[in-house]
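Basis for what follows: all heavy atoms, side chains included, without hydrogens, waters or symmetry-related copies. If you're wondering where the values come from, they're calculated on a predicted model, not measured in any experiment.
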Amino acid sequence: MILNPEFAYAAASLTCALTGAFFDVKSRRVPNRLTGPALLLGLLLHLFCGGWRGLGSAAAAGLIAGAVFLVFYLAGGMGAGDVKLMAAVAALAGLPHVTPLLLLTAIAGGVLAVGLALLHGRLQATVLNVGALLVHHGTRGLRPHPDLNLLNSATLRLPYAVAIASGSALCFGLLVVAP
């Protein structure tokens, strides 16, 4: 039996994302010893299965997803480990899966954020903070908000690797269910 490369890419991507989520929940960090080798594995896996075109696909996927998440890091709303994890997960998944991976991760992140705010009884404050962030970034660009950023320990913090793992799991599920 020959393993379908798309299935292997999605499985490797999901494994990386789940491992990142485990570390993020446990220690609030996504270690470089996970993201670096996973990114390299994604590049090599695609090179082995798809040649130079596959390598290019993996590199483009990692760059696109990493660039999207870099914006949120620069704005002060996400840690660098999340950016590197997303780049690695995307490189493993490959370019055809970047758009659904990003969209499903964003949806999962939104659902998890609302759940976290509800759990802590801070939904109204969270909605007001989102408004304040939109105004701030609309006028100040990508500069972190002076109060609503990762350095403020009073803000609610979502281990975003969980959202990345959820988005990756949903992508994997779509691949398995699709004919």
Are [X] and [Y] grouped together when hydrophobic residues (ILVMFWY) are joined by side-chain heavy atoms under 4.5 angstrom apart?
X	Y	value
Val71	Ile64	yes
Leu118	Leu112	no
Leu70	Leu133	no
Leu150	Ile164	no
Leu170	Val68	no

Hey, could you give me the [atom1]/[atom2] distance between [X] and [Y], rounded to the nearest 0.5 Å?
X	Y	atom1	atom2	result
Leu174	Leu104	CG	CG	6.0 Å
Leu34	Thr19	CG	OG1	6.0 Å
Thr105	Met86	OG1	CE	4.0 Å
Leu55	Leu45	CG	CG	11.0 Å
Thr126	Leu148	OG1	CG	9.5 Å
Leu85	Asp24	CG	CG	8.0 Å

Exercise. Above 12 or not: heavy atoms from other molecules or residues under 6.0 Å from CZ of Arg53?
Worked result: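 No - once you tally the heavy atoms of other residues, nucleotides and ligands closer than 6.0 Å, there are 12 at most.
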Can you name the residues that form a side-chain contact (heavy atoms from CB on, under 4.5 Å) with [X], not counting sequence neighbours?
X	result
Ser57	Leu95, Pro96
Ala75	His137, Leu142
Leu18	Leu14, Ala165

For this session: I would like to know whether Lys84 and Asn32 meet side chain to side chain contact (heavy atoms under 4.5 Å, CB included); could you show each step before the answer?
Result: CA-CA 8 Å; Lys84 292 180 275 187; Asn32 290 336; 2.5 Å; yes
N/O donor-acceptor pair under 3.5 Å between [X] side chain and [Y] backbone:
X	Y	value
Asn152	Asp147	yes
Ser166	Val162	yes
Thr139	His136	yes
His145	Gly77	no

Seminar exercise, completed: Residue pairs meeting ring pair (Phe, Tyr, Trp, His ring centres under 6.0 Å), one or both in residues 23-68, sequence neighbours left out, come to Tyr9-His46
Exercise. Please, which pairs that meet ring pair (Phe, Tyr, Trp, His ring centres under 6.0 Å) have at least one residue in residues 60-107, sequence neighbours excluded?
Worked result: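 Sorted pair list: Phe69-Tyr160.
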Exercise: identify the closest heavy-atom pair between [X] and [Y]:
X	Y	answer
Ala17	Ser168	CB-CB, 3.8 Å
Val98	Ala90	CG2-CB, 4.3 Å
Gly20	Val30	O-CG2, 4.1 Å
Cys171	Pro100	SG-C, 3.6 Å
Cys16	Ala88	SG-CB, 4.3 Å
Gly109	Leu158	O-CD2, 3.8 Å

For this session: Evaluate side chain to side chain contact (heavy atoms under 4.5 Å, CB included) for Leu92 paired with Leu41, printing each intermediate quantity in order.
Result: CA-CA 7 Å; Leu92 284 161; Leu41 175 64; 4.0 Å; yes
Exercise. Are any non-hydrogen side-chain atoms of Leu39 and Thr35 less than 4.5 angstrom apart?
Worked result: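 Counting from C-beta outward, Leu39 and Thr35 never come under 4.5 Å.
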Problem set entry | Check: Thr155 and Asn149 side chains under 4.5 Å, non-hydrogen atoms | no
Exercise. What's in the same ILVMFWY side-chain cluster as Val130, cut-off under 4.5 Å, chained through other members?
Worked result: Leu134
For this session: Applying side chain to side chain contact (heavy atoms under 4.5 Å, CB included), run through Arg157 and Leu116 and close with a yes or a no.
Result: CA-CA 9 Å; Arg157 296 178 190 186; Leu116 184 66; 5.9 Å; no
